[in-house]
Amino acid sequence: MAAMDGDQRQMMEGAAEDKFPDGLRVLAVDDDCVCLKVLHNLLHGCKYHPTTVTDAKTALKILRSGKEKFDVVITDVRMQDMDSFKLLELIRLEMDLPVIMLSEDCDKKAVTEGINHGACDYLVKPVHTNELKNIWQHVERKRKSEAIRHISGDDDDDQRAQLGTAGKSNDGANTDENKENTQASTTQKKPKVGWTIELHTKFMEAINQIGLYRATPKKILEMMNVDFLTRQNVSSHLQVYFRPSFFIFHMFVFHLFIV
DNA sequence: ATTGGAATAT
DNA sequence: TATATTCCAA
């Protein structure tokens, strides 16, 4: 069945001529039926494949069942049955899906909290189609981050900049080469683990879950549930992360960020 | 034996 | 500098 006919009639502003992810599986959560309906229509208008639920509990149940797979979750911040931040936290912890928060107003506190809990984006109602057209990028970004297949982890420099990693960024003419690694030879190229924000967040969440005192590399590794990581990777990161100078510096940055 | 973690290497 | 690897004690 040629389900897609004339799909090349994309708008000129798309600029992504390679592939527009039609049928992006979006789980929309909002206890306001009207908003949910509107959101559903907008998502459908973006050629996505939306699934709508009216409460966080059901959303979590669907996600946990694994019966349906999703690429991204859009959830309202204010819901009755469950704190949306709790939902966000659980999703990030259990399935690591990109979560986009939705709010009535641009409450800076809520935005900050959402980001701190791992939300990848924050949209303000009313949501416009143009905003939804771009959410697939979060899925793509996460894919890229998780597929650590880069030689030197320099592709996520923007994320490192957000962490405040020694403000000096080498802006040399280092054109990152898109070297598609054909599977001709063994792909065991000793991939260096890039500690992205996502990975870092998982790392810290794991430590937080286990407890600071009894957090050991093996437990952290199991809690993070990232297949390509090894105990040595976690151990190495742990060693660096808990160097006093780094710790103090990190606290400093975090304090600035939260204020 | 296996693990955590400091020391060392890249 | 960031991450990997080595090495040793528990």
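Numbered from 1 within each chain, the chains take letters A, B, ... in sequence-line order. Since this is a predicted model, take the numbers as computed values, not measurements.
Judged by distance alone, the side chains of A:Thr230 and A:Asn233 do bring a donor and an acceptor atom under 3.5 Å apart.
With rounding to whole Å, A:Gln232 atom CD is found 9 Å from B:dT3 atom P. Here the C1' atom of nucleotide B:dT3 and the CD atom of A:Glu222 are 12 Å apart, to the nearest Å. For A:Tyr213 and B:dG4, the OH to P distance is 14 Å, given to the nearest whole Å. One can place NZ of A:Lys218 at 11 Å from C1' of B:dA1, the figure rounded to the nearest angstrom. Remark: P of C:dT1 and CH2 of A:Trp195 are 20 Å apart, rounded to the nearest angstrom. One atom, CD1 of A:Ile207, and another, P of B:dG5, lie 11 Å apart when rounded to the nearest Å. When the P atom of B:dT3 is taken as reference, atom CD1 of A:Ile220 falls 14 Å away, rounded to whole Å. Put simply, CZ on A:Arg214 is 19 Å from P on B:dT3, counting in whole angstrom units.
Atom NE2 of A:His49 sits in a sparse spot, with 12 or fewer heavy atoms from other residues, nucleotides or ligands closer than 6.0 Å.
One can find a donor-acceptor pair under 3.5 Å joining the base of B:dG5 and the side-chain atoms of A:Ser235.
Look at A:Lys192 and you won't find any side-chain N or O under 4.0 angstrom from OP1 or OP2 of C:dT3. The phosphate of C:dA4 (OP1 or OP2) has a side-chain N or O of A:Asn233 nearer than 4.0 angstrom.
Of the candidate nucleotides B:dG5, B:dT3, C:dA4, B:dG5 has the atom nearest to the side chain of A:Leu238. Comparing atom distances between the A:Val240 side chain and each of C:dT3, B:dA6, B:dG4 picks out C:dT3 as nearest.
Using cut-offs of 30° and 60° on the angle between ring planes, the pair A:Trp195 and A:His237 is parallel.
Here A:Lys125 pairs with A:Asp76 in a salt bridge; the nearest charged N to carboxylate O distance falls below 4.0 Å.
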